[in-house]
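Just so it is clear, the structure is predicted and the values come from calculations on it, not from any experiment.
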Amino acid sequence: MQLSHKIALRPTPEQVDYFKRACGTARRVWNWALAEWNRQYEAGRKPNAMALKKQFNAIKYRDPEWLDENGQPWIKTIHRDAHAQPFKNLERAWTRFFKDLREGKEGV
């Protein structure tokens with residue numbers, strides 16, 4: 001009985017570069033969303049992932065922070081999942097955090 005399957009990835013240098021940029025994009029979007037979530041929460045609002053994603057979508061192609069040196073939105077060169085998934089992950093993390101807080105779990 002086979003219990004696992006091992007796959008070796010051998011990406012080309014171009015693929016390695018793309019993977020690094022996609023991971024960096026996901027990290028940067030996560031950090032932006034977390035900062036915005038915290039800002040809204042501290043202002044007394046109740047943030048949610050879909051509203052944050054809509055807010056991000058409104059700025060990602062025009063905000064100077066998301067443009068390259070030529071004024072072009074560099075995020076267009078990365079698959080959309082790299083900048084969509086962080087919102088789902090953030091919502092899951094906050095949901096779990098508040099659930100654990102309500103249940104009085106340690107480490108919160």
Side-chain angles (χ1 to χ4, degrees):
M1 174 190 297
Q2 184 175 0
L3 298 177
S4 66
H5 189 79
K6 199 179 220 183
I7 298 173
L9 294 178
R10 294 185 183 91
T12 65
E14 293 82 16
Q15 291 169 324
V16 168
D17 178 62
Y18 178 80
F19 293 155
K20 287 178 181 179
R21 288 186 295 118
C23 291
T25 298
R27 184 182 67 247
R28 188 167 177 192
V29 171
W30 166 275
N31 289 336
W32 178 89
L34 179 60
E36 187 61 24
W37 186 293
N38 287 331
R39 187 186 68 72
Q40 290 181 20
Y41 186 77
E42 289 169 3
R45 296 194 301 228
K46 187 173 181 181
N48 69 66
M50 287 309 297
L52 284 177
K53 187 175 177 183
K54 285 180 182 180
Q55 184 180 344
F56 178 73
N57 285 340
I59 68 162
K60 69 183 178 184
Y61 294 141
R62 58 183 176 82
D63 188 293
E65 286 189 37
W66 299 93
L67 303 177
D68 64 15
E69 60 277 352
N70 298 320
Q72 298 300 310
W74 57 265
I75 204 163
K76 280 187 174 183
T77 64
I78 305 296
H79 192 274
R80 71 179 180 272
D81 287 345
H83 51 90
Q85 192 63 37
F87 294 99
K88 293 176 187 173
N89 294 342
L90 183 64
E91 182 170 47
R92 213 171 21 247
W94 278 116
T95 300
R96 192 175 318 127
F97 171 78
F98 286 116
K99 179 179 177 267
D100 288 350
L101 198 61
R102 280 191 309 273
E103 294 174 357
K105 291 191 178 176
E106 300 241 352
V108 176

To the nearest 0.5 Å, what is the distance between OG1 (Thr25) and CG (Asp81)?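 One finds 12.0 Å between OG1 of Thr25 and CG of Asp81.
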To the nearest 0.5 Å, tell me how far Arg62 CZ sits from Leu67 CG.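 Output value for this atom pair is 10.0 Å.
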Might you work through the side chain to side chain contact (heavy atoms under 4.5 Å, CB included) test for Met50 and Phe87, ending with a clear yes or no? CA-CA 7 Å; Met50 287 309 297; Phe87 294 99; over 6 Å; no
Side-chain touch [X]/[Y], heavy atoms, less than 4.5 angstrom:
{"X": "Arg45", "Y": "Arg39", "value": "yes"}
{"X": "Trp74", "Y": "Glu69", "value": "no"}
{"X": "Trp94", "Y": "Leu34", "value": "yes"}
{"X": "Lys60", "Y": "Val29", "value": "no"}

Between Trp37 and Tyr41, is the ring centre distance below 6.0 Å?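 Ring-ring flag for Trp37/Tyr41: false, centres at least 6.0 Å apart.
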Is the distance between the ring centroids of Tyr61 and Trp66 less than 6.0 Å?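 Ring centres of Trp66 and Tyr61 not closer than 6.0 Å.
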For the student: nearest non-hydrogen atoms of Pro11 and Val16, plus distance: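 Shortest heavy-atom contact: CG-CG2, 3.6 Å.
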Write down the atom of His83, the atom of His79, and the distance for their closest heavy-atom approach. CD2-O, 3.8 Å
What residue pairs, at least two apart or across chains, pass salt bridge (Lys or Arg N to Asp or Glu O under 4.0 Å) with a residue in residues 3-30? Asp17-Arg21
Would Ile75 and Phe56 count as a side chain to side chain contact (heavy atoms under 4.5 Å, CB included) if you check the C-alpha gap in whole Å, the side-chain angles of each, and the deciding distance to 0.1 Å? CA-CA 12 Å; Ile75 204 163; Phe56 178 73; 3.7 Å; yes
Excluding sequence neighbours, so at least two apart, what forms side-chain hydrogen bond (donor to acceptor under 3.5 Å, both in side chains) with Arg92? Asn89
In terms of side-chain geometry, is the basic nitrogen of Glu91 or Lys88 positioned less than 4.0 Å from the acidic oxygen of its partner?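 Salt bridge flag = no for Lys88 with Glu91.
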Main-chain N/O of Asn70 paired to Asp68 side chain as donor or acceptor, under 3.5 Å: yes
Across all chains, not counting sequence neighbours, the side-chain contact (heavy atoms from CB on, under 4.5 Å) partners of Ala22 are Tyr18, Ile78, Ala82
